[in-house]
Enquirer: 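Structure incoming, see below.
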Amino acid sequence: MKITILDDYFDTVRTLPCFEKLAGHEVTIWNDQVQDIDALAARLRDTEALVLIRERTAIREPLLERLDALRLISQRSVYPHIDIEACTRRGVIVASNMHAGSPCYAAAELTWGLIIAAMRRIPQQVAALRSGTWQIGVGNSLRGKTLGIYGYGRIGATVAGYGKAFGMNVVAWAREVSLERAQRDGCEVARGKRDFFESSDVISLHMRLVKETREIVTRDDLAGMKPTALLVNTSRAPLIEPGALVEALRAGRPGMAAVDVYEEEPLRDPDHPLLKMENVVCTPHIGYVTREEYDLQFADIFDQITAYAAGNPINVVNPNVFKVLKGRSASM
């Protein structure tokens with residue numbers, strides 16, 4: 001098959017052990033990031049199987065209409081960037097392993113790294129030391145403080161476990177079914193959303209971006225946080241009301257933030273307000289960007305391709321596509 005892999009920024013995929021799964025196929029890898037439909041259509045003109053790295057490139061109907069050779073899109077995890085209905089109409093199978101029960105430990109680890117970095121002001125201290133200044137202030141400890149987990153799913157539960165190991169009081173706020181799981185895991189449950197934001201010293205967001213969670217964190221929520229509190233977002237920027245985080249930080253509630261996700265990505269504007277704030281730690285959406293996590297994810301992605309090539313597609317998220325394909329075969 002002719003396989004194309006998009007957005008492999010550092011040409012990492014071909015160095016992974018799992019890349020051997022594609023032996024015998026014709027593989028093209030692009031290392032830049034392109035959103036222009038004309039450019040993408042030209043690159044993908046002969047592609048039969050398209051590999052996506054998370055949500056870096058949107059695959060919508062205007063592009064799909066120009067990809068007559070495309071038969072399979074293979075990726076891992078959620079797929080808000082893919083027009084599933086258009087894929088079905090076009091007879092394109094979308095395969096995505098949702099890895100139920102298997103959290104992204106890399107994302108959970110980065111979340112905890114950001115918490116420590118922000119509370120102890122590690123990036124600021126490093127920058128000061130490199131400029132010849134010995135210490136620039138006093139940080140904050142975590143032990144005994146309250147860690148609020150907003151959204152108690154696979155990653156949120158893992159971060160909560162890290163919090164307990166650091167001696168923090170872990171409080172959860174989420175859907176009722178998730179709160180029941182949090183209680184079973186020994187976490188406290190907040191009395192309500194307002195209490196959750198007002199009482200937490202650190203709040204970490206761990207929700208998928210769906211219609212129900214978009215802008216779920218409001219200006220009023222942030223305004224209720226302590227001036228000493230930290231908000232961490234390694235999930236999705238649109239979970240927060242647009243512009244609300246910058247406004248809240250300028251107002252002093254919360255007093256700090258650590259973010260790995262942005263309203264527009266890739267973020268290439270060095271004058272973005274979050275990048276200019278001394279009380280914010282920013283990373284460029286690297287929660288899942290480790291060699292170990294890549295090998296885990298791409299092993300699944302490549303297994304989906306080999307299964308399709310063998311005539312047995314797996315992890316298909318648009319099963320109605322088979323009716324479309326059967327109808328086409330019958331009319332030939």
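Hydrogens, waters and symmetry mates are skipped; everything else that's a heavy atom, side chains included, is used.
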Enquirer: Does some side-chain heavy atom of M256 sit less than 4.5 Å from a side-chain heavy atom of R121?
Expert: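 With C-beta onward as the side chain, the pair stays apart.
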Enquirer: Tell me who clusters with F10, hydrophobic residues only, linked when side chains sit under 4.5 Å apart either directly or through other members.
Expert: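 Listed partners: Y9.
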Enquirer: Between T47 and L67, is a side-chain contact (heavy atoms from CB on, under 4.5 Å) present by the stated rule, with each step listed?
Expert: CA-CA 8 Å; T47 298; L67 304 180; over 6 Å; no
Enquirer: Same cluster or not: are V261 and L239 linked, directly or through other Ile, Leu, Val, Met, Phe, Trp or Tyr residues, by side-chain heavy atoms under 4.5 angstrom apart?
Expert: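 Each belongs to a different hydrophobic cluster.
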Enquirer: Just jot down the side-chain contact (heavy atoms from CB on, under 4.5 Å) partners of A41, sequence neighbours excluded, or say none.
Expert: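 By the side-chain contact (heavy atoms from CB on, under 4.5 Å) rule, A41 matches L63, R66.
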Enquirer: Evaluate side-chain hydrogen bond (donor to acceptor under 3.5 Å, both in side chains) for T15 paired with R291, printing each intermediate quantity in order.
Expert: CA-CA 9 Å; T15 70; R291 291 192 62 84; 3.2 Å; yes
Enquirer: Are side-chain heavy atoms of V13 and V51 found at a separation under 4.5 Å?
Expert: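 A side-chain contact under 4.5 Å is absent here.
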Enquirer: May I ask you to say whether D68 pairs ionically with R90, meaning some side-chain N is under 4.0 Å from a carboxylate O?
Expert: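 Counted as a salt bridge, because a side-chain N and a carboxylate O are separated by less than 4.0 Å.
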Enquirer: Is there a continuous path of hydrophobic side-chain contacts, each under 4.5 Å between heavy atoms, that joins L52 to V27?
Expert: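 Result: no, two separate clusters.
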Enquirer: How are the rings of Y294 and Y288 set to each other: parallel, tilted or perpendicular (split at 30° and 60°)?
Expert: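 Because their plane-to-plane angle is under 30°, the rings of Y294 and Y288 count as parallel.
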Enquirer: Would you name the heavy atoms of Q304 and S96 that are closest together and state the gap between them?
Expert: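 Minimum heavy-atom contact is OE1-C, 3.5 Å.
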Enquirer: Could you give me the CA-CA distance, side-chain angles and deciding distance for D7 and T57, then say whether side-chain hydrogen bond (donor to acceptor under 3.5 Å, both in side chains) is met?
Expert: CA-CA 8 Å; D7 305 310; T57 293; 2.4 Å; yes
Enquirer: Heavy-atom count around E85 CD within 6.0 Å, excluding the residue itself: above 12?
Expert: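 No - once you tally the heavy atoms of other residues, nucleotides and ligands closer than 6.0 Å, there are 12 at most.
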Enquirer: Are V217 and V280 connected in the hydrophobic side-chain network, where two residues link if heavy atoms are under 4.5 Å apart?
Expert: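 As far as the 4.5 Å side-chain criterion goes, V280 and V217 are connected within one cluster.
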Enquirer: Do the non-hydrogen side-chain atoms of T158 and W112 ever get within less than 4.5 Å of each other?
Expert: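 Result no, sub-4.5 Å side-chain heavy-atom pair not found.
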Enquirer: If the threshold is 4.0 Å, N to carboxylate O, is there a salt bridge linking R175 and E212?
Expert: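 Salt bridge absent between R175 and E212.
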Enquirer: Evaluate the side-chain proximity of Y262 to H285: yes if any heavy-atom separation is below 4.5 Å, no if none is.
Expert: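 When only atoms from C-beta onward are counted, Y262 and H285 do not touch, as no gap falls below 4.5 Å.
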Enquirer: Within a strict 4.5 Å, meaning less than it, do heavy atoms of the F166 and L147 side chains meet?
Expert: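 No; the side chains remain at least 4.5 Å from each other.
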Enquirer: Can you hop from M277 to I115 via hydrophobic side chains spaced under 4.5 Å?
Expert: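 No, M277 does not connect to I115 through the hydrophobic network.
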Enquirer: Can a salt bridge be assigned to the pair R236 and E55 using a cut-off of 4.0 Å between side-chain N and carboxylate O?
Expert: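 Salt bridge between R236 and E55, a charged N being under 4.0 Å from a carboxylate O: yes.
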Enquirer: Does any non-hydrogen side-chain atom of F196 lie less than 4.5 Å from one of D221?
Expert: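 The answer is no, as the side chains (C-beta and beyond) never meet within the 4.5 Å cut-off.
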Enquirer: Taking the side chain as everything from C-beta on, heavy atoms only, tell me whether M98 gets closer than 4.5 Å to N315.
Expert: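 The answer is no; the side chains never approach within 4.5 Å.
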Enquirer: Is atom CZ of R191 surrounded by more than 12 heavy atoms (other residues, nucleotides or ligands) closer than 6.0 Å?
Expert: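 12 or below, so no.
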Enquirer: Is there a chain of hydrophobic side chains (I, L, V, M, F, W, Y, each step under 4.5 Å between heavy atoms) that links Y152 to V159?
Expert: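 In one cluster: yes.
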Enquirer: Would you mind checking if K164 and D185 are paired as a salt bridge, meaning a charged N to carboxylate O distance below 4.0 Å?
Expert: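 No, D185 and K164 are not salt-bridged.
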Enquirer: With a 4.5 Å cut-off on side-chain heavy atoms, are H206 and T111 touching?
Expert: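 Yes. Closest side-chain heavy atoms under 4.5 Å.
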Enquirer: Side-chain heavy atoms under 4.5 Å apart, restricted to Ile/Leu/Val/Met/Phe/Trp/Tyr: what other residues fall into the cluster of V177, or is it alone?
Expert: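 Members other than V177 - counting any ILVMFWY side chain reachable under 4.5 Å - there are none.
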Enquirer: Can you see which heavy atom on L114 is nearest to which on A258, and at what distance?
Expert: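 Closest heavy-atom pair between L114 and A258: CB-CB, 3.8 Å.
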Enquirer: Quick check: are there more than 12 heavy atoms from other residues, nucleotides or ligands sitting under 6.0 Å from CZ of R120?
Expert: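 No, the 6.0 Å shell around CZ holds no more than 12 heavy atoms from other groups.
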